[in-house]
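A short write-up of the structure that comes next.
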Amino acid sequence: MRPPSPLERRAYSLQSLANQTFDILVIGGGITGAGIARRAAWQQLNTCQVEQNDFASGTSSRSTKLLHGGLRYLEQFQFGLVSEAVRERMSGYDLAPHLVRPLPFVFPRYKGDKPGMTKLGIGLWIYDAMARFKSFGKRQRLSAEDLQSRLPQLRTDELKGAWQYFDAQTNDARLTLEAVLDAEALGATVFNRLQLENARRDGDAWVCGVRNFDGTVLEIRARRVAIATGVWLGETAKIFGATDPPRLRPTKGVHVHVSDERLQLDAAVVMTHPKDRRLMFAIPVENGVMIGTTDDEFDAVADEFDVTTAEVEYLLDAVNHYFPRAGITPADVHSAYAGLRPLLDDGTCSSSKVSREHAVIEIAEDVWGIGGGKLTTWRVMADDLLRAALGSLQSGDYNERPLPGGRGIAGREQLDNSIAEFATAHGISEKAATTMLFTYGARADEAIGNCRETIGSLELPVSALTYAVTNEHALTLDDLLRRRTRLYYTEPDQARSLAAAAADAVAPLLGWDGDAVQREIDDYTAMCKRYDG
Ligand code: FAD
């Protein structure tokens, strides 16, 4: 008998919803919802999670992709947030070393800059102290001469020196996905493309009406509900009858990727924007540099955004101020993305100063919502919501449980040391082996199978696409190119020229005929155009 296709498995899972009452239904498939579902499933609660689009399609794939405490928040005296986050960035590494890369940050200082070198050094000492001096490396004072050899394109006039410190870079979409997959491995029933539409109370449970991507409507019964819908929190709370739903104050953040032909970095550079003095980053990524971010009030809630010419210019102004010889123009931008910060409105200050701290809010009987927070603090957020919902949390080895790809991986050196062997064993290049190991970690063998055919400049084995459909809930071309893989970011044309090949590779698995393949390509191309700037 042939094994069921991914869509048949999904249909079976959807059918089984009718026969159960879940202990908890988690709404939202971003990092917060994924964390809650994982923690709840670990506690052996019968858990269901629903996401209206794709896992991580909201803010959780549109961040700066740092696990960090955030120096900016230290400047704003958000000490609670910073100390929680600097500790969590280390745990993030332990759980998923394949997805978390320690990264040096260089913070240059010029004549007249505030804070100057001494005050910045004290700030970084406090930053390290909050992490109880557990970091990925020692902070270090660099002279102007050190900087000239380290970052030869950096502007040198009136350069005083810099401080180097360490945080970590991650793949936010795959971190979220692995938390979802782990929740599933622990027994949770998880769905992307299943949208909560309505809810009614029935005895001691909530009956939630959800819509499948094919238009079918189903009901899910649960004793408790956790709302982790990020910027949609207020809207979701209304579905549960909240008359005074939590107010959010979203801000839009844009990032751009520029090719490494213009700018090469071996460390992230902290920049102060020449116009408004906001802190920003230029961060090395696979084949270039990512520059971000903006932080502007945005009073709508959206899935996709237009990135404006003004936003791109604002970002390039900063990087060209620091690296004038790079001469980066909008033509060098090969991809962009934007997301909304789900900040809770405390009604007081300007957008960039609104607290990033999270809060758990009781929405209705047996319904809790969570807003604010950061990618870095996802586990703390999940614990706080569940503590409110359950009264207490079970202890045990939860905190040490790695994400699926992190199992048995002691650290990145272990992966580095196995690149050559993995390449030989699978008959692929070391570049392809590196991509596989630092995307799938312990699951790399399973994800590559017997495949040797590759796609894209990082030589990604095509099996990554089919694996995403059979094992990682990918249902659309967009899921594949933007979140299961990073082809959207790593290819100079947002992977538009690879879209047809990628769609063809998965069409038999998803039952796409020629028209469906064309629709996927058209949808993907239309999405790309919105980010053209
Ligand atoms: P989301 O990821 O938005 O998830 C909510 C999900 O709920 C969405 O996927 C949505 O589709 C779903 N949903 C909504 N309504 C429904 C419904 N009715 N039914 C089913 N599903 C529904 N944090 C860091 O730690 N480090 C960083 O470097 C960093 N950089 C950032 C940069 C920017 C520009 C932004 C915007 C944020 C950044 N953050 C960072 C913050 C971090 O990304 C967010 O706090 C986090 O991703 C929010 O996750 P979430 O799960 O709460 O929300």
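Numbers here simply count residues along the sequence, with the first being 1. Order of appearance sets the numbers: ligands from 1, and atoms from 1 within every ligand.
In terms of protein heavy-atom proximity, atom 39 (N) of ligand 1 is closest to Ser63 CB, 3.8 Å. Of the protein's non-hydrogen atoms, Arg341 CG, 3.6 Å is the one closest to atom 35 (C) of ligand 1. Closest to atom 52 (O) of ligand 1, if we only count protein heavy atoms, is Thr32 OG1, 2.7 Å.
Compare Glu235, Arg89, Gln49, Gln52 by their heavy atoms: the one nearest to atom 22 (C) of ligand 1 is in Gln52. Here atom 48 (C) of ligand 1 lies nearest to Ser60 when heavy atoms of Gly30, Gly230, Ser60 are compared.
Looking at ligand 1, you'll find an N or O of Leu375 within less than 3.5 Å of one of its N or O atoms. Remark: ligand 1 and Leu66 share an N or O pair separated by less than 3.5 Å (distance only, no angle test). In terms of N/O distances under 3.5 Å, ligand 1 is approached by Thr64. The shortest N or O to N or O distance between Thr376 and ligand 1 is below 3.5 Å. On a distance-only criterion, Thr59 and ligand 1 share at least one N/O pair closer than 3.5 Å. The N/O atoms of Leu196, backbone and side chain alike, include one that comes under 3.5 Å of an N/O atom in ligand 1. Residue-to-ligand polar distances place Ile31 within reach of ligand 1: an N/O pair is separated by less than 3.5 Å. Considering backbone and side-chain N/O atoms, Asp54 never comes within less than 3.5 Å of an N/O atom of ligand 1. Remark: ligand 1 and Glu51 share an N or O pair separated by less than 3.5 Å (distance only, no angle test). Close N/O approach between Gly373 and ligand 1 is found [any backbone or side-chain N/O within under 3.5 Å].
The number of heavy atoms from other shown groups lying within 6.0 Å of OH (Tyr12) does not exceed 12. In the displayed structure, Asp266 atom CG is contacted under 6.0 Å by more than 12 heavy atoms of other residues, nucleotides or ligands. Within a 6.0 Å radius of CZ in Arg201, other residues, nucleotides and ligands contribute more than 12 heavy atoms.
Which parts of ligand 1 touch Gly58 is read off a 4.0 Å heavy-atom cut-off, strictly below it: atoms 2 (O), 3 (O), 9 (O). Proximity to Thr293 (heavy-atom distance under 4.0 Å) selects the following atoms of ligand 1: 34 (C). For ligand 1, the atoms sitting less than 4.0 Å from at least one non-hydrogen atom of Leu340 are 36 (C), numbered in the order shown with element in parentheses. Near Arg62, meaning under 4.0 Å from one of its heavy atoms, ligand 1 places the atoms 33 (C), 34 (C). When each atom of ligand 1 is checked for a heavy atom of Gly253 under 4.0 Å away, the hits are 34 (C). Distances below 4.0 Å separate heavy atoms of His68 from the following atoms of ligand 1: 26 (N), 27 (C), 28 (O). Of all atoms in ligand 1, listed by their number and element, those nearer than 4.0 Å to a heavy atom of Lys65 are 28 (O). Taking every heavy atom of Gly339 and a limit of under 4.0 angstrom, the matching atoms of ligand 1 come to 36 (C).
Assignment of Met381 to the shell around ligand 1 is not supported, since no heavy atom sits closer than 4.0 Å.
Using a cutoff of 4.0 Å between basic side-chain nitrogens and carboxylate oxygens, Asp296 and Lys252 are not scored as salt-bridged. For Arg223 and Asp23, the salt-bridge test passes: some basic side-chain N is under 4.0 Å from an acidic carboxylate O. Here Arg101 does not pair with Asp167 in a salt bridge; the nearest charged N to carboxylate O distance is not below 4.0 Å. Under 4.0 Å is where a charged nitrogen must lie from a carboxylate oxygen, and between Asp479 and Arg193 at least one such pair does. Under the 4.0 Å criterion applied to side-chain N and carboxylate O atoms, Arg62 and Glu304 are assigned as salt-bridge partners.
In this structure, the side chain of Gln52 does not engage the main chain of Gln195 through any donor-acceptor pair within 3.5 Å. In this structure a side-chain-to-backbone donor-acceptor pair under 3.5 Å is present from Trp206 to Glu365.
If you check the side chains of Ser63 and Asp172, you find a donor sitting under 3.5 Å from an acceptor. With no hydrogens or angles considered, no side-chain donor-acceptor pair links Asp94 and Ser91 at under 3.5 Å.
Looking at His255 against ligand 1, only its side chain comes within 4.0 Å, counting heavy atoms. Counting heavy atoms under 4.0 Å from ligand 1, residue Ala228 touches it through the backbone alone.
A side chain to side chain contact (heavy atoms under 4.5 Å, CB included) with Val270 holds for exactly one of Leu120, Val106, Leu279; it is Leu279.
A distance below 6.0 Å separates the ring centres of Tyr93 and Phe136. Between Phe105 and Phe281, the distance separating the two ring centers is shorter than 6.0 angstrom.
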